[in-house]
Amino acid sequence: MMPIKKNMNKIYFQGKSYQCRENETILQVFMRHGITVPFSCGNGICHVCLQRCENGLIPPKAQKGLRETLKEKDYFLICKCMPENDMEISLPRDTDLFNRAVVYKKELLAPDVCRLLLEPATQLYYHPGQFINIRNQQGEMRSYSLSSVPQEDYFLEIHVKRVSNGVMSNWIFDELSENDELDFQGAVGSNYYVPGEQHQPLLLIGTGTGLSPLLGIVRDALSSGHTGPIHLYHGSRYPHGLYLQPILKQLSEQHDNFHPVSCVSGHATPRNHRAGRANDIALADHTDLKGWRVYLCGHPKMVEDMQQATQTAGANPQEIHADPFWDWASVNDANLNDTDADTAERIRCAELRNYPDPDLELWKGLDEGRLLSKVLIDFYDHVYDDPLLSPFFEGATKQRLIEKQYNFMCQVLTGEDVYFGERPRSAHHWMVISDELLDHREALMESSLRRFGVPEYLVRRFRAIEEIYRKDIVKDKPWKKIVFGKELPVEGFDEMTMDDATLCDSCQQEILVGERVQYHVRLGKVYCKECRQDSTG
C-alpha cells in the first residue's frame, strides 16, 4: 500500500468528503472511490471534466487553457488539479458551459462518415481545427473537430465516423435528425492556423476523420493569404475512407500552393492515390522539415510517433501541432499487426516485474475506463449468478469488488498509482482454485468484453494481462496470508498496527501510519477503530 502524508487534503463533493493521496489529481480521487463524473482525454485538452470550486484555492495549472469567463466563475479541470488545500467542489452549471444548436443539415460523406451542419443559438468565436464537445440526452459527451471557417461559413461543420458500439456516433447516425436541438461545449484546442510567416511551408498529416480539422486549417490558411507550400497527406486503410476528394481537388486547382495526397495502406490502391501509410509517405517526400510548421490529426499512436519523427527530421517542437483522437475503426485495423507471439512475449516480460508494462492502447480501447466500468458490472453480475464462482464471494459487496478490480486494472494499464488494495496472491490466498475453474472465470470475462464490442485483439490483450497472475491464484489448498512478512491464519479477525496508510473498508476514511486497526484475515478488509466488526463473525 502507498503511504499517505498526514497533511493530505480533503475534497468535499455532493455531501461527502474524500481524502487525497500524495501527487493525486481530483479525477484520480474520484476514480479510486468509484465516483462517476464526465471526463475524456484525462490530460487537460478536451475540458469535459470541468467542475466548479465553491471553497478553496485552485492551482493555476488546473485552469490553464480556460477562457477568462470560466476562470472568473472558479471552473477548473479536475484531471489537472492536485489540490494544495481542502476544496469544496460542485457540478458545473449548464448555462455556464453549454450552448444550444439546431441541426441544419445531416448528410453522408461516406458510408460511415456523417457531416453535420449546426446553427448555434449564439455566435461562437472559434478557429478552424478546434473542437467542440457534443452531449446527448443521456449525458454522454464526445469531441468533434470543426472543419468550418467562421469568415466563410455560417454553420458549424463537424464530421462524425460511425464506430462499432459507439454510443454517440450511433445516436448521431440513427436518432439525430435535421431540425433537432443539441447541447455543445467549446470551442477549445490549440490545433489551428495562426497568421504570420506566410511563406512558411506547412505539412498536414491525418487519418480517417482527422481530415476534418486539417481541411479547416487548410481553408483558413488559404483564405488568410498563405503563400508557402501546403502539403496535406490523408490516409485510410480502405479507399472509401478517403472522403471529400472532390473538394480537395477543387482547392488544389484554385491554389497552386496546395498539394493534397491521398494514401491507401491496406487495399488495392486506386488511380491517383499513393500506396502506404500517410505518415510514412509524408516523411519519405519531405526528409528535411527545418523551418516547417506541422499539423497532425488522427490515431494517437500515429500522432505520437510522428511528433518524434518530424522533430528528428528537423521540425521545431514549438511548430508541431497535434490533435490525437481515438476511434474504434483504428482499433480494429490495428489487430492485423497483433499476433499470438506478441501476447506470449507480453506475458513473459511481465512475469519479471510486479506489474506489466502499461498498455495505453488497451486503456484507450476501453474508452479511458468508461467501457471497463460497464464490462466489470456485467462480469460480476454473471459471477454472482454463477454456481461455481458465487460461493467465493459470499458476504462480499459486489460494488466494492467492481471498484477494486477497476482500480487494479487502471493501474496495470496506465501505470498510475490508483490501486491501494492487495495483490492477487494475497487477495486470493484462501481460495482453492483449479486451472479449469480459472478458465471458466476467464471465459465469463471474455464474454463480457465481447458483449460490449471490444475488438478481438484487445480481448486477447486483456486476457494476456490476467494470465500473468494465474500462478498467484491457482492452488490445491489455501495459502497462509502474508502481511508485512508475517504469516496469518486464513479466517476470522485480527489486529495490527499500520506500517502503511490506507482507507477504512467501511467508512472510507483515512487510516494513518501507526494506527491500530482490525482486519479480516480472509477478505483482507481493514476497519478503523470506529468501524470495528463483531470478532465472532
Using side-chain heavy atoms (C-beta onward) and a distance below 4.5 Å, is [X] in contact with [Y]?
| X | Y | result |
| --- | --- | --- |
| Val160 | Phe173 | yes |
| Leu146 | Phe131 | no |
| Met82 | Glu24 | no |
| Leu182 | Leu176 | yes |
| Ile89 | Arg52 | no |
| Ile217 | Asn191 | yes |
| Leu116 | Tyr104 | no |
| Cys114 | Ser169 | no |

Looking only at atom types and distance, does a side-chain atom of [X] sit under 3.5 Å from a main-chain N or O of [Y], one as donor and one as acceptor?
| X | Y | value |
| --- | --- | --- |
| Asn257 | Gly228 | yes |
| Glu446 | Ala443 | no |
| Thr287 | Leu283 | no |
| Glu84 | Ile58 | no |
| Gln308 | Asp305 | no |
| Lys64 | Lys80 | no |
| Ser224 | His226 | no |
| Ser223 | Asp220 | yes |
| Asp153 | Phe155 | no |

task = Output, in order, the C-alpha distance, side-chain angles, deciding distance and verdict of side chain to side chain contact (heavy atoms under 4.5 Å, CB included) for Leu251 and Leu215.
result = CA-CA 10 Å; Leu251 283 174; Leu215 179 59; 3.8 Å; yes

Among side-chain atoms of [X] and [Y], is any donor-acceptor pair under 3.5 angstrom?
| X | Y | value |
| --- | --- | --- |
| Trp171 | Gln137 | yes |
| Tyr126 | Ser148 | yes |
| Glu157 | His159 | yes |
| His286 | Tyr233 | yes |
| Ser262 | Gln245 | yes |
| Tyr192 | His321 | no |
| His199 | Thr227 | yes |
| Asn170 | Arg162 | yes |
| Gln200 | Trp292 | no |

key: Arg135 to Phe98, cation-pi by 6.0 Å centre distance and 45° axis angle   =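 Here Arg135 passes the 6.0 Å and 45° test against Phe98.
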
Contact summary for [X] and [Y], nearest pair of heavy atoms:
| X | Y | value |
| --- | --- | --- |
| Leu202 | Ala221 | CD1-CB, 4.2 Å |
| Pro128 | Gly216 | CB-O, 3.3 Å |
| Leu203 | Ala282 | CD1-CB, 4.3 Å |
| Ser147 | Arg219 | O-NH1, 3.5 Å |
| Met168 | Tyr144 | CG-OH, 3.1 Å |
| Pro92 | Tyr75 | CB-CE2, 3.4 Å |

query = Hey, mind stepping through Ile465 and Leu413 against side chain to side chain contact (heavy atoms under 4.5 Å, CB included) and telling me if it holds?
reply = CA-CA 9 Å; Ile465 290 173; Leu413 296 179; 3.3 Å; yes

Within 6.0 Å of [atom1] in [X], more than 12 heavy atoms from elsewhere:
| X | atom1 | answer |
| --- | --- | --- |
| Lys105 | NZ | no |
| Glu175 | CD | yes |
| Glu152 | CD | yes |

Between [X] and [Y], does any side-chain N to carboxylate O distance fall below 4.0 Å?
| X | Y | result |
| --- | --- | --- |
| Arg470 | Asp439 | yes |
| Glu197 | Arg293 | no |
| Asp367 | Lys374 | no |
| Glu442 | Arg463 | yes |
| Lys364 | Glu361 | no |
| Arg115 | Glu107 | yes |

Separation between [atom1] of [X] and [atom2] of [Y], rounded to the nearest 0.5 Å:
| X | Y | atom1 | atom2 | answer |
| --- | --- | --- | --- | --- |
| Gln51 | Leu77 | CD | CG | 10.0 Å |
| Ser212 | Leu109 | OG | CG | 9.0 Å |
| Ile320 | Leu289 | CD1 | CG | 8.0 Å |
| Thr25 | Ile78 | OG1 | CD1 | 7.5 Å |
| Arg277 | Ser236 | CZ | OG | 11.0 Å |
| Leu124 | Thr122 | CG | OG1 | 7.5 Å |

Full working for ring pair (Phe, Tyr, Trp, His ring centres under 6.0 Å) between His231 and Phe258 = CA-CA 6 Å; His231 296 271; Phe258 176 52; 9.0 Å; no

ask   = Between Asn136 and Val167, is a side chain to side chain contact (heavy atoms under 4.5 Å, CB included) present by the stated rule, with each step listed?
value = CA-CA 9 Å; Asn136 66 9; Val167 172; 4.1 Å; yes

request  = Describe, in one word, how the ring planes of Tyr125 and His127 are oriented to each other, choosing from parallel (under 30°), tilted (30 to 60°) and perpendicular (over 60°).
outcome  = perpendicular

inquiry  = Is there a salt bridge (Lys or Arg N to Asp or Glu O under 4.0 Å) between Arg274 and Asp285? Walk through the geometry before answering.
reply    = CA-CA 12 Å; Arg274 301 276 294 275; Asp285 289 351; 3.1 Å; yes

key: Working for side chain to side chain contact (heavy atoms under 4.5 Å, CB included), residues Asn133 and Arg142   = CA-CA 5 Å; Asn133 297 318; Arg142 295 293 186 273; over 6 Å; no

